[in-house]
Amino acid sequence: MASAAAKQAPKNASKTTTGATGAAGVSGGPPIMPLASPLMGKKKKPFLGMPAPLGYVPGLGRGATGFTTRSDIGPARDANDPVDDRHAPPGKRTVGDQMKKNQDDDDEDLNDTNYDEFNGYAGSLFSSGPYEKDDEEADAIYAALDKRMDERRKERRELREKEEIEKYRMERPKIQQQFSDLKRKLAEVSEEEWLSIPEVGDARNKRQRNPRYEKLTPVPDSFFSKHLQSGENHTTVDPLQGLGGLNTPYPGSMTPGLMTPGTGELDMRKIGQARNTLMDMRLSQVSDSVSGQTVVDPKGYLTDLNSMIPTHGGDISDIKKARLLLKSVRETNPHHPPAWIASARLEEVTGKLQVARNLIMKGTEMCPKSEDVWLEAARLQPGDTAKAVVAQAVRHLPQSVRIYIRAAELETDIRAKKRVLRKALENVSKSVRLWKTAVELEEPEDARIMLSRAVECCPTSVELWLALARLETYENARRVLNKARENIPTDRHIWITAAKLEEANGNTQMVDKIIDRAITSLRANGVEINREQWIQDAEECDKAGSVATCQAVIRAVIGIGIEEEDRKHTWMEDADSCVAHGALECARAIYAHALQVFPSKKSVWLRAAYFEKNHGTRESLEALLQRAVAHCPKAEVLWLMGAKSKWLADDVPAARSILALAFQANPNSEEIWLAAVKLESENNEYERARRLLAKARSSAPTARVSFRGQFMRCVYTYFLAKQLVGLFVSLPLQVFMKSVKLEWVLGNIEAAQELCTEALKHYEDFPKLWMMRGQIEEQCESMDKAREAYNQGLKKCPHSVPLWLLLSHLEESVGQLTRARAILEKARLKNPQSPELWLESVRLEFRAGLKNIANTLMAKALQECPNSGILWAEAVFLEGRPQRKTKSVDALKKCEHDPHVLLAVAKLFWSERKITKAREWFLRTVKIEPDLGDAWALFYKFELQHGTEEQQEEVRKRCENAEPRHGELWCAESKHVLNWQKKTGEILAQVASKIKNTF
């Protein structure tokens, strides 16, 4: 208490000073007492009349304390006296209970067991003291500090907790994870094996296995009568009953008449009446009869009843309940058709077909104007009786279309059907459905006559007008469509049909005029032109063979409702959508319109060219490319596509002329230089290729060196210099590589070595040149020179993974396994997280027969590169056959869309002879990554073993269209010097022939 008083005194003093001094107290200076005014009396104090500070206690400063008298707290009360609150809960209803509760709250648990050396007592030592404003501020400050410190350590704490959880789960996996591989094997269990598993024995005792169920027998009425007559009368009343009479399940305070006083006789008739009264009251809760109308929602109520109808004969109670409720509905509102229909269907489901027929026929008597009841009655009745029912229904409902349609369906003879429908049309001549059904049964000539009458009766039916136009001759069809436009001026299908009619009769020049007039007329009649609907109509015209009509529609509506800046993007999406829907002419029309609007856009020309390449003919592609290079002469890829198209058609002079024109438009184009060299070398014009490469080498390095000297003298920023120099380095570098490759494949090894040495003088930091030099030396069996070339290349390019792999293969080929292992370890240190290096290390140990070391290295590799597809694919086949499926599932979880993992799964199914699944996974692999040659080779090998000739040919054609360039097995064959002139199909067959089913 002394500490509380000491804390309170300075607080009160500060508050008093603040109230007296105002701004001076806020500024933090010493407190200044107010000066007494000269007009103020000597006895009047300055603080008189001012409000007391917060928490001020008079006399506390001089030690005076107040006292309390009995009048202040009221008269003394006994501990057993009740409290003032009449609704106090138990335990707080007397003064003693309240005092005990307050005493328990004031007591603090200061036991040693509740004390912690670091945290102190578990509870608050000052919880009994007053909680004031400065305490609240202090708690808020401490809470803010705790929150700030918690946020600073939050990230590290969460990371640590996550690592601990992962470590715990690895050390103590769940039972589900431990048995996951065994659960997967359950899929392989056949039905016979499953049925042969013995049943689990019942370990319960005999009493538990064979329980004796309690049997309840109804007490007969004679038992009650006998005991009532024996005079056993009770003179006491149950206090729970009170004075309100016997509790009964239905309204009323007492039940008079059940028992005659004094006689002891039980009237069983009254009990039966009471039971019936109770049932009537319960049934009346679901409906309320007000002037014969029900307030229950018939649809929802009958839906609930239908849900109660059992589907098998075992739900007897549900059947009785549904039958009782439906009876209540029928009696409450007998003119409600769904009640009769639901009742009949209930009896039909339960197998009482005759009862259902009787009910529905009674329903026709109660609801003679209901179509549904008559149709249900016709459905339930047998053939001839159903016809009589329908005839009776026609007399009550002569305008019902559905009843006439049902009557026609019941007839088996075509003539009878026609007779019924014609009778129906006499009564209901405005029904489009009846006309359509009748026309479908007629021959073309009779159908034309009938349709001419149909459009007179139903002039607003577009379908009837169009059907009549299709059956008429050209001139009559034009008249029919003109009348249709007069009667229905707001329908677009009539205009489109007119355009298709003109196109079918050779008047293609009228198609555009008709479509334009259609747009103008529909807008004049207030019809909004929906662009998507018109494009769908154009796609339908395309599929129907009306090419001119679909193109005219596309040209008319393609620009409606599109902002100017969104035209290109929207039109390209529309073209892709049309291609996806199979409407190629619509897509061609969209590209043609886009090229008219954007004639200088290279991207639009490219999209159109690729479309013609994939879906058009060679002539259409070449015509498009000629127009493209005329508008975009600087687009190298368009020139190259044209030259390649001519070359594939064996028109080499035309390809040379295209490349010559391309040289004129792009004199310093690297791609055109290399394309010209490839064209000559592929056609065995080696001297021409050499002259082209020599000309390129003689011009490019000189220009490069001179420009580089000027550039380095003028520019001081290294980064900019590095970027711009790269633009001028690429051309001669590619030329040197092509020159070396050409001499190498032609067998001029010395010329290739000289060119390679000259190239390395200019580009010593380019790893492919060092690779080519080493491979040339290996071909000459100069292993020391090859090793020297690789080592020099690694000094210049230490981060080139293929160089490290070539050096490792060289050492392994000469038997230096330890040196190869050391090279790979050094490569992994120089290039961490490189899956290719880890994969080669694993394979090196596996080829050496050290499978345990290979598995250890694979585990380390997957830890360093957990998302590498090539590592997971290799890990699947490092496992034994029983564990491969589990490993493949783990691989798919880590790399779901990696082509190498998908290929490994396909190979796994192949090894298990699951042909269909293997083919599906091969297709999925080549769809995700069509540039992976290994996938195509394995797929082709698979089809050679398990597929038909058509499937093999399809895989080969798809591979030739994809033109793959990557893959370990593929590149080993395609880049071999002996295969430099082979086409994609030949390389595919060669790679597939070298694949062995070792998995």
Side-chain angles (χ1 to χ4, degrees), residues 1-36 45-68 72-73 85 88-89 91-92 97-169:
M1 295 302 292
S3 62
K7 179 177 68 174
Q8 189 175 7
K11 179 182 70 173
N12 295 335
S14 64
K15 290 179 179 178
T16 306
T17 305
T18 304
T21 60
V26 178
S27 63
I32 302 174
M33 295 301 293
L35 299 176
K45 304 301 183 182
F47 53 82
L48 294 178
M50 297 177 61
L54 184 65
Y56 173 71
V57 179
L60 186 62
R62 64 177 184 272
T65 57
F67 55 89
T68 304
D72 295 328
I73 63 175
D85 188 6
K92 296 183 180 181
D97 293 338
Q98 293 282 4
M99 294 175 62
K100 184 177 180 181
K101 179 64 177 177
N102 295 335
Q103 184 177 2
D104 293 342
D105 293 342
D106 294 340
D107 293 341
E108 297 174 355
D109 188 6
L110 302 180
N111 195 357
D112 292 341
T113 58
N114 199 31
Y115 179 78
D116 184 78
E117 185 177 356
F118 180 73
N119 294 323
Y121 285 98
S124 175
L125 294 178
F126 304 102
S127 60
S128 60
Y131 190 74
E132 299 173 349
K133 189 174 182 180
D134 55 347
D135 297 329
E136 184 179 358
E137 294 177 357
D139 290 342
I141 292 172
Y142 279 116
L145 289 174
D146 291 340
K147 184 178 179 181
R148 178 68 181 274
M149 296 300 293
D150 183 69
E151 289 179 353
R152 293 177 58 185
R153 295 187 291 265
K154 182 178 180 181
E155 184 176 357
R156 287 184 295 171
R157 184 178 69 252
E158 291 180 351
L159 183 61
R160 186 179 68 254
E161 290 176 355
K162 183 178 179 181
E163 293 176 353
E164 292 177 354
I165 291 173
E166 291 179 354
K167 183 178 178 182
Y168 178 80
R169 289 178 178 174

Side chains of Glu163 and Leu159: does their closest heavy-atom pair fall under 4.5 Å? yes
Within a 6.0 Å radius of atom CD on Glu151, are there more than 12 heavy atoms belonging to other residues, nucleotides or ligands? yes
From Asp134 CG over to Asp139 CG, what is the distance, rounded to the nearest 0.5 angstrom? 9.5 Å
Rounded to the nearest 0.5 Å, the CG atom of Asp146 sits from the CG atom of Asp150 at a distance of 8.5 Å
Among Glu158, Lys154, Arg153, which residue satisfies the side chain to side chain contact (heavy atoms under 4.5 Å, CB included) criterion with Arg156? Arg153
